[in-house]
Amino acid sequence: MPELPEVETIKRTLEQLVLHKTIEDVTINLARIVRSPEPDQFRALLKGKQILAIDRRGKYLLFRLSSHYTLISHLRMEGNYGVFNSMDAAATHTHVIFHFDDGEELRYRDTRQFGTMDLVKNQDVDQLKFFRNLGKEPFDLSLTEKLFYEKIKKKNKSIKAVLLDQEVVAGIGNIYADEILFRSRIRPEMLANNLTKPKIHAIYENMKIVLREAIEAGGSSVKSYVNGQGKMGLFQQQLYVYQKHGTPCLVCGDEIVKTRVAGRGTHYCPKCQKLR
DNA sequence: CAGAAATCCTGACTGC
DNA sequence: TGCAGTCAGGATTTCT
């Protein structure tokens with residue numbers, strides 16, 4: 001479940017490890033991970049490419065390559081990257097290996113096999129349907145409170161479902177949706193179009209605060225997440241509600257409960273988070 | 001068209 | 001101990 005803070009941390013750690021390296025060859029052990037182009041062409045195109053930069057957009061990782069190509073990687077639930085020497089034994093569920101010309105390799109592992117990779121020309125990146133419809137970054141200055149308010153007010157579904165909607169804002173997943181709503185003192189099942197202006201203001205501010213704090217802590221390791229250096233994040237120590245059901249609320253002492261909202265496990269404090 | 005639900009997958013967990 | 005059943009979840013597809 002790498003969300004924006006985890007993907008940002010992976011980006012920053014991988015920058016230290018693979019920038020300027022040249023891909024000599026690629027091994028694809030599980031073809032379903034490579035969404036486009038066909039695996040043979042994916043491999044052929046990557047041979048000889050140098051990694052010039054790494055960017056992040058929402059939960060997508062973008063490897064900027066030489067010859068005007070970009071490798072777009074989505075980790076979905078349990079995808080992760082690690083850099084190893086080619087002599088090191090590969091862990092189970094290692095599905096794609098990028099062999100560098102210096103004897104090191106970047107390995108992609110993914111227990112649930114949900115992750116995707118797309119290799120496209122730079123000029124085509126913004127035309128991809130999953131990028132064209134992607135919402136703004138939470139820290140994008142052009143995502144003003146007014147614009148955010150208008151987007152929220154249009155939605156006739158739970159505020160939790162709206163925060164998870166990548167077309168509204170990019171990068172928020174199940175952990176941070178619950179944490180943002182706790183800090184905003186809003187019950188996750190509240191309908192977005194019923195929220196008052198002060199409530200939407202609270203979400204707008206807390207979204208940025210929570211995500212920034214999580215990035216500073218290196219993300220949340222609640223399940224399998226580790227960064228590009230194999231290290232766990234620390235933000236799970238600062239979570240108020242996610243996976244905290246059955247324990248006392250750190251603010252009021254009432255018991256945190258777990259329900260289902262927007263088809264997802266949802267955690268909240270019944271006392272702190274009011275229905276109106 | 002919007003929103004809800006099913007789908008992909010494996011490993012951890014539950015109950016008998 | 002073993003085994004069937006359930007759950008977890010991001011984005012896409014399918015259904016209502």
Side-chain angles (χ1 to χ4, degrees), chain A residues 1-10 28-36 56-62 72-81 90-96 108-118 120 125 127-138 150-181 188-195 211 214 219-226 233 236 239 241-246 256-268:
Chain A
M1 42 192 90
E3 305 178 26
L4 188 153
E6 288 76 31
V7 180
E8 178 65 24
T9 304
I10 289 167
I28 301 171
N29 292 323
L30 185 67
R32 75 158 70 237
I33 301 294
V34 179
R35 192 162 58 175
S36 72
R56 180 194 57 74
R57 177 81 174 87
K59 301 173 196 170
Y60 292 90
L61 210 49
L62 295 89
I72 304 172
S73 171
H74 198 302
L75 307 169
R76 297 288 180 97
M77 248 70 79
E78 301 201 43
N80 68 75
Y81 281 101
T92 53
H93 307 294
T94 297
H95 303 314
V96 182
Y108 178 75
R109 304 189 301 273
D110 188 346
T111 303
R112 296 206 180 144
Q113 312 181 6
F114 279 0
T116 58
M117 293 183 191
D118 294 273
V120 298
V125 171
Q127 317 303 323
L128 294 165
K129 61 178 180 297
F130 57 87
F131 258 41
R132 211 174 41 221
N133 299 329
L134 202 56
K136 290 181 186 292
E137 291 291 314
E150 287 162 0
K151 282 177 179 282
I152 302 281
K153 275 291 181 182
K154 274 184 207 161
K155 301 290 186 182
N156 184 34
K157 55 183 177 182
S158 69
I159 183 58
K160 165 124 182 191
V162 173
L163 290 179
L164 292 174
D165 185 345
Q166 302 300 297
E167 296 186 19
V168 175
V169 182
I172 298 171
N174 210 34
I175 299 172
Y176 298 106
D178 281 3
E179 293 299 315
I180 291 164
L181 290 173
E189 65 261 40
M190 270 201 74
L191 289 180
N193 52 7
N194 283 346
L195 291 172
L211 294 174
S220 303
S221 291
V222 289
K223 197 161 170 53
S224 60
Y225 164 74
V226 291
Q236 65 276 13
L239 296 175
V241 288
Y242 187 79
Q243 289 292 325
K244 297 288 186 185
H245 49 293
I256 304 298
V257 299
K258 180 176 181 181
T259 56
R260 207 161 179 84
V261 178
R264 297 284 170 255
T266 298
H267 317 74
Y268 66 91

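These values consider heavy atoms only, across backbone and side chains, with no hydrogens, waters or symmetry-generated copies. Keep in mind that what you see is a predicted model, and the values were worked out from it rather than measured. Lettering follows sequence order; numbering is per chain, from 1.
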Short side-chain to backbone donor-acceptor contact, K258(A) and K244(A), under 3.5 Å: no
Residue Y60(A), side-chain heavy atoms: nucleotide from dA11(C), dG9(C), dA4(B) that is nearest: dA11(C)
Distance, rounded to the nearest Å, where I172(A) contributes CD1 and dA11(C) contributes C1': 16 Å
R260(A) vs H74(A), nearer the 5' end of DNA chain C by closest nucleotide: R260(A)
Residue pairs passing the salt bridge (Lys or Arg N to Asp or Glu O under 4.0 Å) test where at least one lies in residues 166-180 of chain A, sequence neighbours excluded: K160(A)-D178(A)
Short side-chain N/O contact from Y242(A) to OP1 or OP2 of dG9(C), under 4.0 Å: yes
For atom CG of D118(A) and atom P of dA11(C), their distance in whole Å: 13 Å
Between dG9(C) (C1') and H267(A) (NE2): distance, integer Å: 12 Å
dA8(C) OP1/OP2 closer than 4.0 Å to side-chain N/O of K258(A): yes
Presence of Q166(A) side-chain N/O under 4.0 Å of dA11(C) phosphate oxygens OP1/OP2: yes
Parallel, tilted or perpendicular: rings of Y60(A) and H74(A) (30°, 60°): perpendicular
Whole angstrom value for the distance that separates P of dA4(B) from CG of D165(A): 11 Å
Distance in angstrom units between L191(A) CG and dG3(B) P, rounded: 10 Å
Residues K59(A) and E3(A) bridged, charged N to O under 4.0 Å: no
Nearest atoms (heavy-atom pairs only) where I172(A) meets Q166(A): O-NE2, 2.9 Å
dA2(B) OP1/OP2 closer than 4.0 Å to side-chain N/O of N156(A): no
Length of the line joining L164(A):CG and dA8(C):C1', which is rounded to integer Å: 14 Å
Spacing between I175(A) atom CD1 and dG10(C) atom C1', to the nearest angstrom: 12 Å
side-chain N/O K155(A) vs dA2(B) OP1/OP2, d < 4.0 Å: no
Y176(A)-S220(A) side chain donor-acceptor pair, cut-off 3.5 Å: yes
S73(A) side chain to M117(A) backbone, donor-acceptor under 3.5 Å: no
Between P of dA11(C) and CZ of R57(A), the distance in whole Å: 12 Å
Letter per nucleotide, 5' to 3', of nucleotides 5-11 of chain B [B base touched, S only sugar-phosphate touched, - untouched; heavy atoms, 4.0 Å]: ---BBBS
